> 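Got a structure for you, written out below as structure tokens; questions coming shortly.
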Amino acid sequence: MNKKIGRLFKGDKVIWMVFFFLCMISVVEVFSASSGLTYKSQNYVGPIAYHTFTIVAGVVVAILTLNIPCKYFKLMTPFLLLISAITLLWVLLAGTKVGDAGRWINLLGFTFQPSEIAKGTIVLAVAQILAAMQREKGADKNAFKWILWVTVPACVLIGLENLSTAAMLFAVVCIMMFIGLVPFRQLGKLIAVIVAMGVFAFAMVMLVGKDVSATEQLQTKTEQLAQQPNSGQAEEDTKKEKNFVEKMFHRANTWKSRIMKFTKPKPTPQEYDLDKDAQVAHANIAIVSSGVIGKGPGQSTERDFLSQAFSDFIYAIIIEELGLIGAGFVAFLYIILLYRCARIASRCENNFPAFLAMGLGLLLVIQAMFNMMVAVGLAPVTGQPLPLISKGGTSTIINCAYIGAILSVSRSAKVNKELADDKNAKVAGSDKENPEKVA
């Protein structure tokens, strides 16, 4: 029985343990945080049953992915780049909107975010470029150019609807270039350009956008709908009248309001407006009322008031229910995940699987860091879910595929012989010093 299980769950055992704990925490906390969904639908089993099914499907995808030798991932790169380009353009032109963000595509009854596929695809392409252009003293200077040709268009397309995801992806690529020994002069110039573009984008958002709360945005949208005729022709005419700047910066109001909220002095508890700052306010209440050990699983009170408690702000619910100990344990799981990815990468004989494992590990951990920083008030609200924990459909399955790819590297990548020999020598030396263990 144990042999059969071992054959099924191949690869790095520590990553499997981290993955298992994250999935278990996800099932428990999403069930607790989905009280709003169950109340609206009057179906108390449906939401958690769907999420559990998604987790199980994700585990199956991870197992299938880890059984693909990592060398075959290279063959998938051109097809994934083509799919990413088509779907990113599709969502930009005819994506399904939720709120003021059009990030989703409906295809054959399934809804997914193309940015989730594009993130892993860009990491895969960058890993391949860095591996192919490695020289004795580091990466060839032309690697920088090819990486930008692949990364910048994808980040621009993603950033028009999801700025935080684009920024996170670009940060991961920059770290991969640093690890891949891209010349520091080129990285320095890139940082200077990023700073200049960031200042320009910040200025445009502050000029074009309006600092309005989520409640005011909803009221304005309701008034506009009330003033329009019942026919859909007026809506079409309004869309046609939008100029290029409005289309490019249609989310400027949201970005500006988030920036202004984050930069304003924090109000006292008596001054807090629970209507205008509902998400941040109830997240703070959840954290403050948690204590060291928390209220216990399923005992959250703020889940009934906190919007997106099962997604963007699930870490606040984890803190409320599991306390500082539970929150620290979740953060520690992501640290272990990144550490094991680094260990796997350091043992690889070839460059491509090493860069791929590190890139995917950074992608998951940096997103988790963003989510946790938002929940505790250290970063403006970004809308990033907590990987492998937050409620999700295709995003959860794709994150599980990333875990499967990392496990594939740990299982199928060639191990550096020198490191393996050193490890065997240390084990042999330890056995000689302790003959009782050998006996």
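These figures come from a predicted structure and were not determined experimentally. When reading the values below, keep in mind they use all heavy atoms of this one structure, side chains included, and skip hydrogens, waters and symmetry mates.
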> Under a 3.5 Å distance rule, please check whether Q367 uses its side chain to pair with a backbone N or O of P385 as donor and acceptor.
yes
> Between V182 and L190, is the side-chain contact (heavy atoms from CB on, under 4.5 Å) condition met? List the steps.
CA-CA 11 Å; V182 169; L190 177 62; over 6 Å; no
> Without hydrogens or angle criteria, can the side chains of E320 and S300 be said to hold a donor-acceptor pair below 3.5 Å?
yes
> Quick one: do the T394 and E116 side chains pair a donor with an acceptor below 3.5 Å?
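No, because no side-chain N or O of T394 sits under 3.5 Å from a partner of the opposite role on E116.
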> Which pair of heavy atoms, one from F355 and one from A127, lies closest together, and at what distance?
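Minimum heavy-atom contact is CB-CB, 3.7 Å.
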> At their closest point, which heavy atom of G120 faces which heavy atom of L360, and how far apart are they?
CA-CD2, 4.5 Å
> With side-chain hydrogen bond (donor to acceptor under 3.5 Å, both in side chains) as the rule and sequence neighbours excluded, what pairs involving residues 172-195 come up?
none
> Could you state the interatomic distance from CG (N399) to CG (L388), rounded to the nearest 0.5 Å?
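N399 atom CG to L388 atom CG measures 5.0 Å (nearest 0.5 Å).
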> Determine yes or no for a side-chain-to-main-chain donor-acceptor pair under 3.5 angstrom, with S410 supplying the side chain and G11 the backbone.
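No; judged by distance alone, with no hydrogens or angles, the pair does not exist.
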> Do V123 and K119 come within less than 4.5 Å of each other through their side chains, counting heavy atoms only?
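SC-SC contact between V123 and K119 ruled out.
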> Give the C-alpha distance, both sets of side-chain angles, the deciding distance and a yes or no for side-chain contact (heavy atoms from CB on, under 4.5 Å) between V152 and V156.
CA-CA 6 Å; V152 171; V156 170; 4.2 Å; yes
> Got a second to check how far T77's OG1 is from I129's CD1, nearest 0.5 Å?
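Separation between the atoms: 9.0 Å.
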> F313 versus V374: any side-chain heavy-atom pair under 4.5 Å?
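SC-SC contact between F313 and V374 confirmed.
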> How long is the gap from CD1 on I406 to CZ on R340, to the nearest 0.5 Å?
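Atom-to-atom, I406:CD1 and R340:CZ are 12.0 Å apart.
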> Would you mind reporting whether I68 and L64 have side-chain heavy atoms less than 4.5 Å apart?
no
> Check whether any side-chain heavy atom of N67 sits under 4.5 Å from a side-chain heavy atom of K10, and report yes or no.
yes
> How close do I158 and A166 get, counting heavy atoms only, and between which atoms?
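Closest approach of I158 to A166: CG2-N, 3.9 Å.
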> Counting only N and O atoms by type, is there a donor-acceptor contact under 3.5 Å from the side chain of Y334 to the main-chain atoms of M369?
no
> Between V172 and V126, is there a side-chain heavy-atom distance shorter than 4.5 Å?
no
> Starting at CD1 of I175, measure out to CG of L187 and round the result to the nearest 0.5 Å.
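Going from the CD1 atom of I175 to the CG atom of L187 covers 11.5 Å.
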> Which heavy atom in V409 sits nearest to a heavy atom in A357, and how many Å separate them?
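That would be CG1-CB, 4.1 Å.
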> Indicate yes or no for a side-chain donor-acceptor contact from T54 to the backbone of Y50 under 3.5 Å, with no hydrogens or angles considered.
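Side chain of T54 to backbone of Y50, a donor-acceptor pair under 3.5 Å: yes, one is there.
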> Enter the distance from L322:CG to E29:CD here, rounded to the nearest 0.5 Å.
4.5 Å
> Are the side chains of V330 and F21 in touch, meaning some heavy atoms are under 4.5 Å apart?
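Not touching, per the 4.5 Å side-chain cut-off.
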> Looking at V30, I318, N371, which hits side chain to side chain contact (heavy atoms under 4.5 Å, CB included) with I389?
I318
> With a 4.5 Å heavy-atom cut-off, do Y339 and V14 have their side chains touching?
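Side chain of Y339 against side chain of V14, heavy atoms only: no contact under 4.5 Å found.
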> Please determine, by modelled atom types, if T121 and S84 share a side-chain donor-acceptor pair under 3.5 angstrom.
yes
> Any side-chain heavy atom of L130 sitting closer than 4.5 Å to one from I147?
yes
> For D140 and N142, indicate whether the former's side chain and the latter's backbone hold a donor-acceptor pair under 3.5 Å.
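Yes, the answer is positive, given that a donor and an acceptor are paired below the 3.5 Å cut-off.
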> Verify the neighbour count for atom CG of L324: are there more than 12 heavy atoms of other residues, nucleotides or ligands below 6.0 Å?
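Buried by this count: over 12 neighbours within 6.0 Å.
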> Would the number of heavy atoms belonging to other residues, nucleotides or ligands and lying under 6.0 Å from CE of M24 be above 12?
yes
> With side-chain contact (heavy atoms from CB on, under 4.5 Å) as the test, would you mind laying out the steps for L363 and L169 before giving the verdict?
CA-CA 7 Å; L363 196 63; L169 176 60; 4.3 Å; yes
> Please report the closest heavy-atom contact between G138 and L181, naming both atoms and the distance.
CA-CB, 3.7 Å
> Is the number of heavy atoms from other residues, nucleotides or ligands under 6.0 Å of W16 CH2 greater than 12?
yes
> Calculate, to the nearest 0.5 Å, the distance between atoms CD1 and CZ belonging to I403 and F19 respectively.
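Answer rounded to 0.5 Å: 6.0 Å.
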> Quick one: closest heavy-atom pair of A375 and I287, and the distance?
O-CD1, 3.2 Å
